[in-house]
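Each residue takes its place number in the sequence, starting with 1. Any value given below was found using the heavy atoms of this structure, including those in side chains, with hydrogens, waters and symmetry copies removed.
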Amino acid sequence: NKCLSIDNKHQIGLNNRGSVYNDLKKYQLAIIDLDKAIKLSKSKNANAFRHRAYSYYMMGQYNDAIHDINEAINLNKDYDDAKKLKQTMWNDHKQCIQSGIDVYCQGKNLLFSEGLVNIITGYIVGDVDDCR
C-alpha cells in the first residue's frame with residue numbers, strides 16, 4: 001500500500017496487492033487492482049493474468065478464469081505456476097465433464113472413454129486409440 005500511496009499506477013505494486021487480496025480471499029478487490037496492472041502493462045503481465053485467473057476461479061467465473069490462465073501461459077510459456085493453476089482448474093472439473101459426456105451418450109450407442117475426456121481437458125495420458 002505504501003508504494004501505491006506514492007504512485008497509484010505502479011504496476012508491480014498493483015499486481016502484488018492483488019495477490020495479497022487473493023490471499024485474504026478478497027477476490028473483488030484483487031480483480032480491481034489486477035485489471036489496472038494488466039491495463040498498465042498493455043496486457044503483457046503474465047503474473048497479473050495468473051493472479052486474476054485465480055480470483056475469477058475462486059469466484060466461480062470459470063470462462064474468465066480460463067481466458068486469463070491461457071493468456072498468462074501464452075505470455076510466458078515457462079510459467080509453471082500458471083500451468084499448475086490451469087491443471088488444478090481442469091482437475092476440479094474433470095469428473096463433471098466425464099459425467100456430462102456420459103449423460104449425453106446414453107441411448108445414442110456412443111461410448112466415450114476417459115481417454116477422450118483427458119484429451120478434451122488437456123491431459124494427454126494415452127493415445128486417441130484408447131477411446132472406444
Side-chain angles (χ1 to χ4, degrees):
N1 278 338
K2 185 163 182 144
C3 173
L4 291 171
S5 69
I6 296 168
D7 179 5
N8 66 352
K9 293 183 180 179
H10 192 277
Q11 177 196 344
I12 295 170
L14 288 163
N15 182 71
N16 290 345
R17 189 170 68 180
S19 176
V20 169
Y21 282 143
N22 275 340
D23 292 343
L24 297 172
K25 298 179 176 28
K26 295 182 178 186
Y27 306 117
Q28 295 276 6
L29 293 174
I31 289 171
I32 291 168
D33 278 353
L34 296 165
D35 284 346
K36 291 176 188 175
I38 290 167
K39 185 177 179 182
L40 289 168
S41 75
K42 297 181 170 80
S43 297
K44 301 294 183 201
N45 185 337
N47 199 26
F49 275 107
R50 187 203 105 32
H51 288 300
R52 192 173 71 176
Y54 180 79
S55 301
Y56 283 136
Y57 179 67
M58 296 307 293
M59 293 173 50
Q61 296 178 10
Y62 303 119
N63 288 338
D64 292 328
I66 290 167
H67 172 271
D68 277 5
I69 203 62
N70 287 335
E71 191 62 31
I73 294 168
N74 286 337
L75 289 169
N76 181 354
K77 304 280 189 234
D78 298 321
Y79 195 179
D80 288 336
D81 286 342
K83 291 176 184 179
K84 287 177 190 172
L85 178 57
K86 184 175 184 177
Q87 191 70 42
T88 297
M89 291 162 62
W90 284 116
N91 283 341
D92 288 351
H93 297 286
K94 183 178 178 207
Q95 184 57 46
C96 292
I97 295 165
Q98 179 68 57
S99 296
I101 288 173
D102 290 346
V103 167
Y104 174 79
C105 294
Q106 283 180 343
K108 294 184 176 162
N109 294 325
L110 298 172
L111 294 174
F112 286 84
S113 74
E114 188 174 328
L116 182 58
V117 174
N118 288 336
I119 291 168
I120 291 168
T121 60
Y123 298 91
I124 304 298
V125 295
D127 260 331
V128 175
D129 294 336
D130 291 344
C131 300
R132 25 183 174 123

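Take Ser43 and apply the side chain to side chain contact (heavy atoms under 4.5 Å, CB included) test, not counting sequence neighbours, and it matches Ile38, Phe49. For the salt bridge (Lys or Arg N to Asp or Glu O under 4.0 Å) test, no residue two or more places apart in sequence or in another chain qualifies with Asp81. Residues passing the ring pair (Phe, Tyr, Trp, His ring centres under 6.0 Å) test with Tyr57 are Tyr62, sequence neighbours excluded.
For the atom pair OG (Ser41) and NZ (Lys36), the distance works out to 14.5 Å, reported to the nearest 0.5 Å. Taken to the nearest 0.5 Å, the NE2 atom of His67 stands 9.0 Å off from the CG atom of Asn74. Here the CD-CG distance, from Gln87 to Asp92, works out to 10.5 Å after rounding to the nearest 0.5 Å. Here CG of Leu14 is found 6.5 Å from CG of Leu40. Values are rounded to the nearest 0.5 Å. Atoms CE and CD, on Met59 and Gln61 in that order, are 4.0 Å from each other to the nearest 0.5 Å.
Minimum heavy-atom separation, Lys77 to Lys83: O-NZ, 2.7 Å. Of all the heavy atoms in Asp33 and Arg17, the pair that sits closest is OD2-NE, 2.5 Å. Across all non-hydrogen atoms, the minimal contact from Asn76 to Ala46 is CB-CB, 4.1 Å. In this structure, Leu34 and Arg52 approach most closely via the heavy-atom pair CD1-N, 3.4 Å. Between Ser19 and His51, the shortest heavy-atom contact is OG-CE1, 3.3 Å. When every heavy atom of Ala53 is checked against every heavy atom of Ile69, the shortest pair comes out as CB-N, 3.6 Å.
Other residues, nucleotides and ligands contribute more than 12 heavy atoms inside 6.0 Å of the CG atom of Asp23.
Residues Met58 and Ile31 are members of one and the same hydrophobic cluster, defined by side-chain heavy-atom contacts under 4.5 angstrom among Ile, Leu, Val, Met, Phe, Trp and Tyr. Tyr27 and Leu29 are members of different hydrophobic clusters when ILVMFWY side chains are connected at heavy-atom separations under 4.5 Å. Hydrophobic cluster membership is shared by Ile66 and Tyr54, with clusters built from Ile, Leu, Val, Met, Phe, Trp and Tyr side chains linked at under 4.5 angstrom.
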Criterion side chain to side chain donor-acceptor pair (under 3.5 Å) on Asn47 and Tyr79, from CA distance to verdict: CA-CA 9 Å; Asn47 199 26; Tyr79 195 179; 2.5 Å; yes
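Between Asp68 and Asp64 there is no side-chain heavy-atom pair separated by less than 4.5 Å.
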